[in-house]
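The structure appears right after this line, and notes come after that.
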Amino acid sequence: MTSSETNTTTSMPGTSAPDPAELTAWFDAHARDLPWRAPTTTGWGVLVSETMLQQTPVRRVQPVWEEWMARWPRPSDLAAATQAEVLRAWGKLGYPRRALRLHEAASVIATEHGDVVPAEVDALLALPGVGTYTARAVAAFAYGRRAPVVDTNVRRVVARAVHGAGDAGPPAPKRDLADVEALLPADDARAAKMSAALMELGQTVCTVRSPACEACPISHDCAWQHAGRPAYAGPPKKVQRFAGTDRQVRGRLLDVLRGADGPVTREQLDAVWNDAGQRDQCLDSLLTDGLMEQTQDGRFALPGES
DNA sequence: CACGCGTGGGG
DNA sequence: TCCCCAAGCGT
């Protein structure tokens with residue numbers, strides 16, 4: 001058992017296959033106690049958490065998720081709220097279009113799925129704001145289905161443990177899915193736990209900057225370790241600028257509306273950005289996106305409150 | 001398919 | 001400080 005020379009599961013030079021039993025045992029012992037992982041959490045609770053967690057860190061999501069579950073415990077509860085209420089409750093999680101899509105999804109679930117979040121990947125994919133990651137995450141984490149879950153963390157774990165690379169290259173959806181598919185046990189329950197374990201490992205141990213390989217349950221069987229932990233050699237990652245972008249301007253404009261009790265004047269919005277052209281363009285795009293609306297007297301408000 | 005979409009924290 | 005990023009999705 002101490003031999004790292006003999007790898008019985010290797011099918012290609014320089015690759016390894018993490019042992020599901022080791023990974024899931026580690027998960028049972030070390031997984032963070034996140035509220036949406038409680039056994040009592042419904043499919044709705046999981047869908048809300050996964051949507052909020054798209055590009056937003058756990059620490060910021062957690063308190064908001066608690067509020068949402070207390071306020072809107074079922075899809076029909078959220079569906080009954082106004083868009084303005086939903087956007088205010090979303091707060092500063094970012095990418096507020098997610099909140100509107102979740103609101104729409106809640107209506108669909110309430111009217112077409114008996115107020116129960118579907119368990120089938122195809123049905124989940126048909127919901128607004130639910131893509132390949134979220135659909136599989138809900139199927140696996142809420143319903144214990146065997147559904148390969150591929151996010152940025154899993155891609156990194158696979159890149160290292162299986163392929164021996166320093167990090168994942170650009171997404172290659174088909175190949176990424178096949179890679180994870182090949183790692184999952186055949187039965188639903190263990191496959192679902194394996195999916196959760198791969199994500200957790202990437203988030204807490206196999207991190208981008210400073211991986212804690214000494215704490216990793218599969219380091220003995222990691223192709224990256226065996227290769228001497230070579231640096232990432234793929235194409236440079238795209239850097240998202242923020243300062244000065246429309247994204248920043250839209251964020252400021254929307255923040256004014258979130259902080260107001262009702263409609264605000266154009267002058268109040270003009271105050272948050274000095275470039276009038278960019279400001280007006282962002283105002284237009286927010287109206288187009290349904291994130292704000294204009295009242296008859298020319299003021300601006302969150303949708304559904306005027 | 002590359003890009004645009006918020007926000008705040010850590011190295 | 002600045003830069004990179006954190007459980008993606010839709011177009």
Side-chain angles (χ1 to χ4, degrees), chain A residues 27 31-32 34-37 45-65 87 90-102 104-105 124-142 147-158 167-174 176-177 180 195-204 206-211 232 235-258 272-273 278 281-282 284-286 288-292:
Chain A
F27 182 77
R32 290 165 297 173
L34 302 173
W36 43 85
R37 286 178 175 165
V46 173
L47 175 59
V48 172
S49 75
E50 293 300 341
T51 302
M52 290 180 170
L53 286 163
Q54 293 167 5
Q55 303 286 280
T56 302
V58 168
R59 204 159 291 140
R60 287 171 45 206
V61 165
Q62 189 161 337
V64 180
W65 183 86
L87 288 170
W90 190 260
K92 308 198 81 169
L93 289 181
Y95 294 142
R97 294 186 296 186
R98 288 183 293 168
L100 293 184
R101 295 190 184 120
L102 186 53
E104 293 172 33
L124 288 159
L125 283 172
L127 299 172
V130 176
T132 57
Y133 162 76
T134 303
R136 293 167 182 284
V138 170
F141 305 149
V149 176
V150 180
D151 75 334
T152 183
N153 295 296
V154 172
R155 289 187 350 96
R156 181 172 57 256
V157 170
V158 169
D167 200 350
K174 199 169 175 177
D176 295 340
L177 200 64
V180 177
S195 291
L198 285 168
M199 284 186 59
E200 185 78 354
L201 189 73
Q203 294 160 210
T204 64
C206 193
T207 60
V208 181
R209 301 290 181 81
S210 50
Y232 173 67
K237 313 251 176 182
K238 304 273 186 176
V239 181
Q240 285 253 28
R241 294 288 168 203
F242 180 67
T245 63
D246 287 359
R247 231 158 57 253
Q248 181 180 24
V249 180
R250 286 164 55 106
R252 287 196 184 180
L253 292 170
L254 209 54
D255 198 41
V256 173
L257 295 186
R258 277 196 303 262
V272 303
W273 199 256
Q278 187 180 21
Q281 176 181 318
C282 288
D284 282 346
S285 72
L286 287 168
T288 299
D289 288 348
L291 286 165
M292 70 166 65

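Values in this document were obtained by computation on a predicted structure and should not be read as measured data. We name chains A, B, ... by the order of the sequence lines, and we start the count at 1 in each one.
- With a 3.5 Å limit on both pairing distances and Watson-Crick or G-U wobble geometry required, the stems of 3 or more pairs in DNA chain B span B:2-5 with C:8-11, B:7-11 with C:2-6.
- Checked against ring-ring contact (aromatic ring centres under 6.0 Å, His included), A/W273 has no partners two or more places apart in sequence or in another chain.
- Between A/P96 and A/L87, the shortest heavy-atom contact is O-CD2, 3.8 Å.
- For the salt bridge (Lys or Arg N to Asp or Glu O under 4.0 Å) test, residues two or more places apart in sequence or in another chain that qualify with A/D255 are A/K92, A/R258.
- Nucleic acid contact for A/W36: base, since at least one base atom lies under 4.0 Å from a heavy atom of the residue.
- Proximity note for A/T132 (side chain, C-beta onward) versus C/dA7, C/dC9, C/dA6: the nearest is C/dC9.
- Side-chain nitrogen and oxygen atoms of A/K237 include none within less than 4.0 Å of the OP1 or OP2 phosphate oxygen of C/dC5.
- C/dC4 atom C1' lies 12 Å from atom CG of A/D167, rounded to whole Å.
- In this structure, A/V154 reaches neither bases nor backbone, as no heavy-atom distance under 4.0 Å exists between it and the strands shown.
- A/S210 comes within 4.0 angstrom of no nucleic acid atom, judged by non-hydrogen atoms across all strands.
- Considering only residues two or more places apart in sequence or on other chains, A/R155 meets the side-chain hydrogen bond (donor to acceptor under 3.5 Å, both in side chains) condition with A/D176.
- In A/R32, the CZ atom is crowded: over 12 heavy atoms of neighbouring residues, nucleotides or ligands sit closer than 6.0 Å.
- In this view, A/S49 satisfies the side-chain hydrogen bond (donor to acceptor under 3.5 Å, both in side chains) rule with no residue, not counting sequence neighbours.
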Reading 5' to 3' through nucleotides 4-11 of chain B, protein heavy-atom contacts under 4.0 Å coded B for base, S for sugar-phosphate only, - for none: BBBBS-S-
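- A/M52 has its side chain out of reach of A/W36: every pair of non-hydrogen atoms, C-beta onward, lies at least 4.5 Å apart.
- The distance between atom NZ of A/K238 and atom P of C/dA6, rounded to the nearest whole Å, is 18 Å.
- At the heavy-atom level, A/V61 lies nowhere under 4.0 Å from the strands shown.
- The side chain of A/T152 contributes no N or O atom lying less than 4.0 Å from OP1 or OP2 of C/dG8.
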